[in-house]
Structure formats: structure tokens, C-alpha cells
2 protein chains.
Amino acid sequence: MKETAASILSSLADQGFRMTKLRKAIAGIFASNCLPLSADELMGLLRSGETAFNRATVYREIAFLKEQGVIQEIQFLHERVKRYELASLDHHHHLVCLRCNRVEDIVLENDLVEQEKSILKSKGFKVTNHMLEFHGICRGCL
Amino acid sequence: MKETAASILSSLADQGFRMTKLRKAIAGIFASNCLPLSADELMGLLRSGETAFNRATVYREIAFLKEQGVIQEIQFLHERVKRYELASLDHHHHLVCLRCNRVEDIVLENDLVEQEKSILKSKGFKVTNHMLEFHGICRGCL
DNA sequence: CAGTTTAATGCAACTAAGTTGCGTTTGTCA
DNA sequence: TGACAAACGCAACTTAGTTGCATTAAACTG
């Protein structure tokens, strides 16, 4: 399910939210960037467009898109910044190279749904989300 | 393998590092605290002791203990702070309750070693570490 | 198309979490 | 006991993100 900038914007518009320059620009960036972006990287990409946007506004737009379930937050272990990617991507995890910092998506064979069910049974803990990142050395850096 | 403050300190001393007040206090805290502590929580616990320690020094000691492999860093998705726990604990993951923030340790039945092997084969990526946290609602909050 | 409304914006000041430079203290060993 | 480097305290700084408030601009209304 590859989401486009237009489909993101129209689903927001359906809910009565405005279609602003910034929102259009950010939707375009997320729709064409499959790797998780930090707020700073996002601002860099925005800066290369025509309009300049304020830092606070960009952070507020990120918070808004997260709240609306358009993007999801990711936190890598070795980093201090939060990252964001489209929430509509197929469920996957990340391989993070500690040498070159490159991030690769990975879809696991046996996902963690079974694990989560057994956690509910054994611990009474209802898992709503999980976060799994592999850290190591990528093919190019080995 | 339950590590004691004394065993941590003596293994550091063997390598020629000093046995300072702060180091002793922190080793004691980690040895008797099985849940991951933030720098700030650690400083709170230290403050309840007799000597006052400086923030910068505590951060430097954390960096040192991490470097020496005594403690390991953990990052929860919903938090901004880094947390630390003894690296010698048996391999486990965490259940983080989004309501009460309580953290529970969990040992998974089938760990991710097989997964990591298959990642090496299929992607040429050598996993050295992974990070898996489950987020949800705990028994008490359900 | 002008007027109105309120979401969205920009600015500046602030906070949290951690880092750095540098001069001083202290644990350890000769 | 003296020397020396590891460890320390202080203050100033950085990074990443947040907040209050006054202003602007989408989008609807007549």
C-alpha cells in the first residue's frame, strides 16, 4: 500500500484540516522518502524548496501528523533524535549500520504477533506496539 | 549471574581503574536495582546518600561504565532520556506500560538469535545487538 | 467576491538532557 | 611521602524540542 502525497492530504482534508504549503511539502517528502527522517533532516529537505518554514511550525506539523496516524515515530538506540516514517508502510523493522549509519528496512519471516499473544496470556500485559531495531555492520562496511 | 557491587568494582580495579566514592555508590545502585535507571534517577538515588556528586561527573561515570561494558544503554520509544541497566543481566526485553510507565522485564521463549543468523545470510548484515521493547497496558492498568 | 472564523504560522524565549574545557583534587603506586 | 594521571567540580555551551502570544491565511458563508 504505497501512499501518495495526494492521498495523505485528501484524507486529512476529509476531516476538515487545511491544506497548507507546509503540509503539502511534508506530505510530498514522506511519500517519496522510504527511510525514517529526523526533524532536522526534514527541515533540510524543506529548505531546499521555495518557502522557508519555521522550526516550531515544523515540529508542530510533525506532532499533528503523528497524532493523525499519518506518520510514526522511531527511536534508534545510538541516536538522540526521533525519526519519522509513513505509518502506512508494511510492518517492518530496521537494520542500522553502526559504521556508516545507513538504515535498511527488513520484514521478518515470523513476526511478533504470536509473541504478543503469549505475553497477554502469561503476563496480562496488552501489547499495543513494539519496537525492534537490529544494530550491526552492513554488507558494505563488513 | 547476579553481579554484585564488589564484583563490578574488583573487575574494574583489575584493569587499573580507581575505586572512587562515586564509582562505589553507582556500582551499589546498579547491583541492587534491576530496572533501567535514567541519569536523573541515578542522581536522585545518589543525592540520598551522604556525598553530593556533580552532574557532569555522573554523566562521565555513566559513559565510562558503558564503555567498560558494565552497563548497557536502553532507549524507550516514548521517552527522551536514555536509561541504563547492568549489562550482565540475562538477555531480556521490556514491557513498558504507557499508562503507569512501569517497566517489567521479559524473557522471550524463542529469542532472536535465529532471526539474526538469517539476516546475515539474506542481507549480509552482521547484527551485533538488537533492541526490542513492547509497549502497551499492564495488568494493573487494564 | 468580501467578510469571518479559526487553524496554522512566526518569533522569541524557554526547557530538558547531556557535553566540554579547564583548573583542582585525590587514589594509587613507586 | 611524593608524583602523576584518573577523576572531579564548576560554569558555560549545545542539541533537540516546546510554549505563549500576537499575526497570517485557508476555507467556509452570505
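Keep in mind it's a predicted model, so treat the numbers as computed, not measured. In the text below, chain A, chain B and the rest are named by the order of the sequence lines, each starting its count at 1.
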Which whole-number value in Å describes the distance from [X] [atom1] to [N] [atom2]?
| X | N | atom1 | atom2 | value |
| --- | --- | --- | --- | --- |
| A:E73 | D:dG17 | CD | C1' | 11 Å |
| B:Y84 | C:dG18 | OH | P | 6 Å |
| A:E41 | D:dT15 | CD | C1' | 15 Å |
| A:L22 | D:dA26 | CG | C1' | 14 Å |
| B:F64 | C:dT19 | CZ | C1' | 18 Å |
| B:Y59 | C:dA16 | OH | C1' | 8 Å |
| B:L46 | D:dG9 | CG | P | 11 Å |
| A:F53 | C:dA7 | CZ | P | 20 Å |

Quick test of your reading of the model: are B:K21 and B:E50 salt-bridged, counting only N-O distances below 4.0 Å?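 No salt bridge links B:K21 with B:E50.
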If only atom types and distance count, is the side chain of [X] paired as donor or acceptor with the main-chain N or O of [Y] below 3.5 Å?
| X | Y | value |
| --- | --- | --- |
| A:E79 | A:Q75 | no |
| A:S122 | A:S118 | yes |
| B:R23 | B:L9 | no |

Which word best sums up how the rings of A:F76 and A:H78 line up, parallel for under 30°, tilted for 30 to 60°, or perpendicular for over 60°?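 Taking A:H78 first and then A:F76, their aromatic rings lie parallel (interplane angle under 30°).
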Mind checking A:A52 for me? I need base, sugar-phosphate or nothing, with any heavy atom below 4.0 Å counting as a touch.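 Touches sugar-phosphate only.
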What nucleic acid atoms does A:R23 come within less than 4.0 Å of, heavy atoms only: base, sugar-phosphate, or nothing?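 The residue A:R23 makes sugar-phosphate contact but no base contact.
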How does each nucleotide of nucleotides 21-30 of chain C score, in 5' to 3' order, for protein heavy atoms under 4.0 Å: base (B), sugar-phosphate only (S), or none (-)? B----BBS--
Per the atom types in the model, does the base of C:dG10 pair as donor or acceptor with the side chain of A:R55 at under 3.5 Å?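 Flag unset: no donor-acceptor pair detected.
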Which residue lies toward the 5' end of DNA chain D, B:R80 or B:G16, if each is placed at its nearest nucleotide? B:G16
5' precedence on DNA chain D between A:N54 and A:V81 (nearest-nucleotide basis):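 It is A:V81, whose closest nucleotide lies nearer the 5' terminus.
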Under a 3.5 Å cutoff, is there a donor and acceptor pairing between the side chains of B:H94 and B:E85?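 The answer is yes; a qualifying pair exists.
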B:E3 to B:S88 - nearest heavy-atom pair and separation: OE1-OG, 2.6 Å
Taking the side chain of A:T57 as its heavy atoms from C-beta onward, which of C:dG10, D:dG9, D:dA7 lies nearest to it?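 Among the listed nucleotides, the one closest to the side chain of A:T57 is C:dG10.
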